[in-house]
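First the structure, in the form of structure tokens, and then the observations on it.
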Amino acid sequence: MKKVRVISAEEAALMVNDGDTISTGGFVSCACPEALSIALEKRFLETGHPRDLTLFFAAGQGHRDGTGGDHYGHEGMVKRVVGGHWDRAPRLGDLALANKIEAYNLPQGVITHMYRDIAAHNIGTITHVGLYTFADPRNGGGKLNDYTKEDLVKLIEIEGEERLLYKGFPINVCFLRGSYADEYGNCTVHREIGPLDVTAQAQATKNSGGKVIVQVEKIVQGGSLDPKLVKIPGIYVDAIVMGSAEDNMQCLGTPYDGALTGEYRIPVDAIPPIPLDAKKILARRAAMELPQDAIVNLGTGAPEKIANVAAEEGISDKLTLTVEAGSIAGVPYGGTQFGAAANSMAILDHNVQFDFYQGGGLDVAFLGLAETAPNGDLNVSKFGTRLAGAGGFIDITQNAKKVVYCGTFTAKGLKTECRDGKLVITQEGAKKKFVNQVEHITFSGVYANKVHQPVLYVTERAVFELRPEGVTLIEIAPGIDLQTQVLDQMEFMPKIAEDLKLMDERIFRDELMGLAND
């Protein structure tokens, strides 16, 4: 093998040409190639080049503070963005909502598989994922604004079954983050939260005739790396850039944590109990849906609290938590370390984790509850002037054996208390979540009913079930008035089960519920 070029971030930025398609690595705030993206942004702001780029990424990147994807969020720098999750890069979202760029949101897991199909020169990525959602051409084909015209998704039929064809395209440049590189360009990711998509992205770019540039924290002697740790072979790599200590933080703003890489394990027995607020109430009720030895995915926000409840109740060993970034078992982290997990038993490639998810491997998925329609449709991806994006939501929710949506009944200002095993609403939220029609179909109730998928919508005061006739109220919290605090706080009249039950009183008391005994 020949030795690879070691260049500065500024020299790497000069390798990107006007009109290029660039793919960036990273998962939220983890493993972002910040030195490379900062240098490219600086070059554009100083010279106006490169311009008219197509930015292509799977997981959202950044922390809503100018990092990650927001380095590309300048008018003229990008002409098109194809991404799985937009929320971490509000500048890009603003450009999309203002019709200043072509903008697409495709399922995150699908994009991870598009990398592989681009590498293999396949016609595209063919899958059921996204049917009946906003990614379906019948509902917009993933386009996010009126300025976006080209169809990247096509509805096809194979063996009498509907499928979506996500069209691939060449990648001219990719910016990736590694840990160590040797003199021949072989790169490890052993100090990152996982391998993510680095292998597939590098292959896709190399086989497109493009340039692969990897930011690392250290360069070592050729041949001294454990080959089992090398995830980007030097034959794919065009240049290596040494990032600063700050640019190579494992996750933005946080020091290296070996518990997230498998270097060591930390004790987790003393997880402090969380306060009995609305989110803990719904997390407790959601935890009652855990089957024995369940394989589980927890979404961000309220669903994260289920891990705390499981720990408090002593049932953490009765379930296996997974994260779409690739971890199996362990304790998933949130905030800037979302995507990572401490004490994992295995850490897979991002795209391989989605193979398992898309094939129905999850026993139950707990995801956030936002706008919900009478037919069970759910929107978590686009709300007026805020563009969140679907991330892995579609891939996960469409394929889990059971889906439990968790969220407060109303938003913006809701305050609750628990008194004597009853729920008291001390201040109602100003925004209703159960609406006549969702703005964006991130989850299709029609599709769920078609494939007979069990779906629950769990809130602090009521539980609903998706039935063929629509969203049906099946439980109400003790202390809650059905008319004024449930029905009047919805834009539509739900179906009401004939055997409407009270939610378990244990949920609303400070002491442990005894789920281990259940």
Side-chain angles (χ1 to χ4, degrees), residues 268-325 327-335 337-345 353 357 361-370 372 378 380 391-393 396-397 400-409 416 418 423 433 443 454-465 475 477 503-504 506-518:
V268 293
D269 302 334
I271 297 177
I274 55 177
L276 187 56
D277 57 10
K279 288 186 177 179
K280 182 172 183 176
I281 290 168
L282 61 90
R284 279 180 153 188
R285 175 58 186 85
M288 293 173 139
E289 299 301 318
L290 286 165
Q292 180 77 21
D293 300 321
I295 302 170
V296 178
N297 174 273
L298 300 179
T300 58
E304 293 177 30
K305 306 296 184 185
I306 296 169
N308 296 84
V309 169
E312 287 179 31
E313 296 286 335
I315 60 169
S316 295
D317 61 341
K318 306 296 183 186
L319 63 148
T320 301
L321 298 177
T322 69
V323 180
E324 57 264 38
S327 65
I328 306 291
V331 182
Y333 279 26
Q337 294 168 302
F338 177 73
N343 301 354
S344 297
M345 295 292 187
Q353 187 81 299
Y357 285 0
L362 289 170
D363 292 311
V364 58
F366 298 91
L367 282 298
L369 185 152
T372 307
L378 202 87
V380 299
F393 194 95
I396 293 166
T397 60
K401 295 180 179 70
K402 183 175 186 175
V403 183
V404 181
Y405 291 112
C406 311
T408 56
F409 192 76
T416 65
C418 292
L423 179 65
K433 289 188 177 181
F443 174 80
V455 182
L456 287 182
Y457 308 82
V458 174
T459 76
E460 81 287 348
R461 73 186 74 174
V463 180
F464 300 85
E465 182 180 53
E475 294 178 25
M503 294 171 69
D504 194 320
R506 294 177 298 169
I507 296 170
F508 306 93
R509 295 189 180 276
D510 268 321
E511 57 265 26
L512 292 177
M513 293 167 38
L515 290 184
N517 296 328
D518 292 350

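For this chain, numbers begin at 1 and follow the sequence in order. This structure is a prediction, so every number in the text was calculated from the model and none was measured.
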- Query: Ion pair present between Glu312 and Lys280, side-chain N to carboxylate O less than 4.0 angstrom?
  - Reply: yes
- Message: Can you tell me how far apart NZ (Lys305) and CG (Leu298) are? Round to the nearest 0.5 Å.
- Response: 12.0 Å
- Looking at residues at least two apart in the chain, or sitting in another chain, which of them share a ring-ring contact (aromatic ring centres under 6.0 Å, His included) with Tyr333? none
- Checking Glu313 side chain against Leu515 main chain: does a donor-acceptor pair fall under 3.5 Å? yes
- Closest non-hydrogen contact found for Ser344 with Ala341 is OG-O, 3.4 Å
- Minimum heavy-atom distance Ala278-Thr408, with the two atoms named: CB-CG2, 4.0 Å
- Query: Would you find a donor on one side and an acceptor on the other, under 3.5 Å apart, between the side chain of Arg284 and the backbone of Leu276?
  - Reply: no
- Return the minimal non-hydrogen interatomic distance between Gly368 and Leu378, and the atom names on each side. O-CD2, 3.7 Å
- Note on the structure: The ring-ring contact (aromatic ring centres under 6.0 Å, His included) partners of Phe366 (sequence neighbours excluded) come to none
- Note on the structure: From the list Asp504, Val404, Val463, Val458, side chain to side chain contact (heavy atoms under 4.5 Å, CB included) with Met288 holds only for Asp504
- Note: Thr322 and Asn297 closest approach over all heavy atoms is O-ND2, 3.5 Å
- Message: Once you measure the plane-to-plane angle for Phe409 and Phe464, does it fall in the parallel (<30°), tilted (30-60°) or perpendicular (>60°) bin?
- Response: parallel
